[in-house]
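Heads up: the structure comes next, in structure tokens.
Convention: sequence-line order gives letters A, B, ...; per-chain numbering from 1. Just so it is clear, the values below take in all heavy atoms, side chains as well, and ignore hydrogens, waters and symmetry mates. Values in this document were obtained by computation on a predicted structure and should not be read as measured data.
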Amino acid sequence: MTIDLIWNKFPLKQVELKLSKVLRCGQTFRWKNVNNVWSYTTKNKIILLKQDEEYIHYSWIASEDIRTQLKLNCHFDKETFEFIKDYFNLPIKLETLYEEWIEKDGLFKISSKKSAFDQFTGIRILRQDPWETLISFICSSNNNVKRISKMCDSICTEFGKYINEYNGIKYYSFPTAEDLSSNPKVESRLRDLGFGYRAKYIYQTALKFTSDEFPDITLDNLYQLRTKDYETAHQFLLQLTGVGPKVADCICLMALDKHDIVPVDTHVYQIAIRDYKFKGKKDLKTMNKKTYHDIRLFFKEIFGDFAGWAQSVLFTSDLSDLNNGVNKSEETEIKIEQKSEEPEIKIEQKPDSIVIQRKRGIILESPLHQENSEIVESTKKRSTK
DNA sequence: CGAGACCCTGCGAC
DNA sequence: AGTCGCAGGGTCT
């Protein structure tokens, strides 16, 4: 079978979105970077992304079980573009938000140093799938980004559906609640995979979504929280095992459109005290419910309706921690070890086209400008709005 | 409300 | 080099 990897593109400034930061700052854990191509699986395909100064380039590889790929080309191109637009919250203009934050941020006015908002551009909050975000952030408790990423990867490999292969890597979808609760052995298997005490949390949460015992806890109701107010969403999430106030707020912000919510963790607490002179005890262990609430409102009062977004910039800029293996500088991506033989896929980019050569396959030369001209136009319209 | 326990890893201090 | 102690975007009992 020959896969025709066609790249489309749309213009987007890096101040609106910087992939290398956004996909690695700890709000999403499943994107892989292989030779400067970002990849991620949805339910039915692998999404591929690249960024240069002017454009986001995107492509997709359909699930292997979809035999009629060629006929779906047009449909999937559109679907992929819609996914990207939604996933990256692109209708929300970041540049103007940054300007507002700089205006509101009292910190850089009283200190001589430059504002984090001047230095760390292109960091936006994603609009992720609520179910995946829920499970991912149950994993995040008392944990680091590297290990969370590893866990999210292995939960897909173990319980997800095989989608396809790209560059020698097999891709699996994120498992559903049914996938994670159908067998009581799931918990012990997760433990074997290194989930620790979170194995139980995940299994029990998945069980709540599938069991008749909890008629209100359904996937549909979870998604509906996007249209409900913050308190409702927060309270719903607290019913789930392994979800406390911090994880609930992460899900609210990163999957449920609660843009003003600032999830308060030890790190945010430190930023509040150290940089913003929040009056609180320096001892983190004294952070109780009231302190949590106070800090959340503290940032909300500074930055307003998109406080959660602003906080993610501060948080990322403060990551002395942009570390932990996966989080290193842009150059240290996962490198695929090229064997001495021909690589599986060769991609060569020309000014007006991308040439894809598959081992044992045919050579394709795909125009970049023609097929997606309509999409490019619509993007322009949106950005000049 | 405040303590501990909790799985597991990576890192710096000896 | 090998331990040891501790924190890592917390939550449960």
Measuring centre to centre across the rings, with the benzene-like ring taken for any Trp, is A/Y55 within less than 6.0 Å of A/F10? no

Less than 6.0 angstrom separating the ring centers of A/F303 and A/F117, yes or no? yes

Separation of atom [atom1] in [X] from atom [atom2] in [N], rounded to whole Å:
X      : N      : atom1 : atom2 : value
A/R147 : B/dC7  : CZ    : P     : 11 Å
A/M151 : C/dG8  : CE    : C1'   : 12 Å
A/I202 : B/dC7  : CD1   : P     : 13 Å
A/I148 : C/dA7  : CD1   : C1'   : 13 Å
A/K200 : C/dT13 : NZ    : C1'   : 9 Å
A/I251 : C/dT11 : CD1   : C1'   : 13 Å
A/D318 : C/dG9  : CG    : P     : 11 Å
A/F29  : C/dG8  : CZ    : P     : 15 Å

Check this one for me: any side-chain N or O of [X] less than 4.0 Å away from OP1 or OP2 of [N]?
X      : N      : result
A/S141 : C/dG8  : no
A/K146 : B/dG10 : yes
A/N142 : C/dT11 : no

With a non-hydrogen cut-off below 4.0 angstrom, is [X] in contact with a base, only sugar-phosphate, or nothing?
X      : result
A/F137 : nothing
A/V243 : sugar-phosphate
A/P263 : base

Nearest to side-chain heavy atoms of [X], which nucleotide of [options]:
X      : options               : result
A/N288 : C/dG9, C/dC12, B/dG2  : B/dG2
A/Y201 : C/dG9, B/dC7, C/dT11  : C/dT11
A/T266 : C/dT11, B/dT9, C/dG10 : C/dG10

What is the ring orientation for [X] with [Y], classed by angle as parallel under 30°, tilted 30 to 60°, or perpendicular over 60°?
X      : Y      : answer
A/W101 : A/Y98  : tilted
A/F278 : A/F298 : perpendicular
A/F88  : A/W31  : tilted

DNA chain C contacts made by residues 184-194 of chain A, counting heavy atoms under 4.0 Å: none

Can you check whether A/D249 reaches A/V264 side chain to side chain, under 4.5 Å on heavy atoms? no

Counting only heavy atoms from other residues, nucleotides and ligands, does the tally under 6.0 Å from CG of A/D305 exceed 12? no

If you count every heavy atom of other residues, nucleotides or ligands that lies below 6.0 Å from A/Q239 atom CD, does the total exceed 12? yes

Any donor-acceptor N/O pair under 3.5 Å between C/dG10 base and A/K246 side chain: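 In this structure, the two groups form no donor-acceptor pair.
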
Hey, is the side chain of A/Y292 pairing donor to acceptor with the base of C/dG10 inside 3.5 Å?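 It does not, because no donor-acceptor pair links the side chain of A/Y292 to the base of C/dG10 below 3.5 Å.
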
Side chains of A/D77 and A/W60, donor plus acceptor under 3.5 Å: yes

Pairwise [atom1] distance, [M] and [N] [rounded to whole Å]:
N      : M     : atom1 : value
B/dA5  : C/dA7 : P     : 15 Å
C/dC12 : B/dT9 : P     : 22 Å
C/dG9  : C/dG5 : P     : 22 Å

Secondary structure of DNA chain B in dot-bracket form (Watson-Crick or G-U wobble, distances below 3.5 Å, | marking inter-strand pairs): ..||||.|||||||

In terms of the nearest nucleotide of DNA chain C, which residue is placed more toward the 5' end: A/R198 or A/T241? A/R198

Is A/T28 reaching over with its side chain to a backbone N or O of A/R24, donor-acceptor style, under 3.5 angstrom?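 No; judged by distance alone, with no hydrogens or angles, the pair does not exist.
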
Grab the two heavy atoms, one from A/W131 and one from A/A206, that are nearest each other, plus how far apart they are. CH2-CA, 4.0 Å

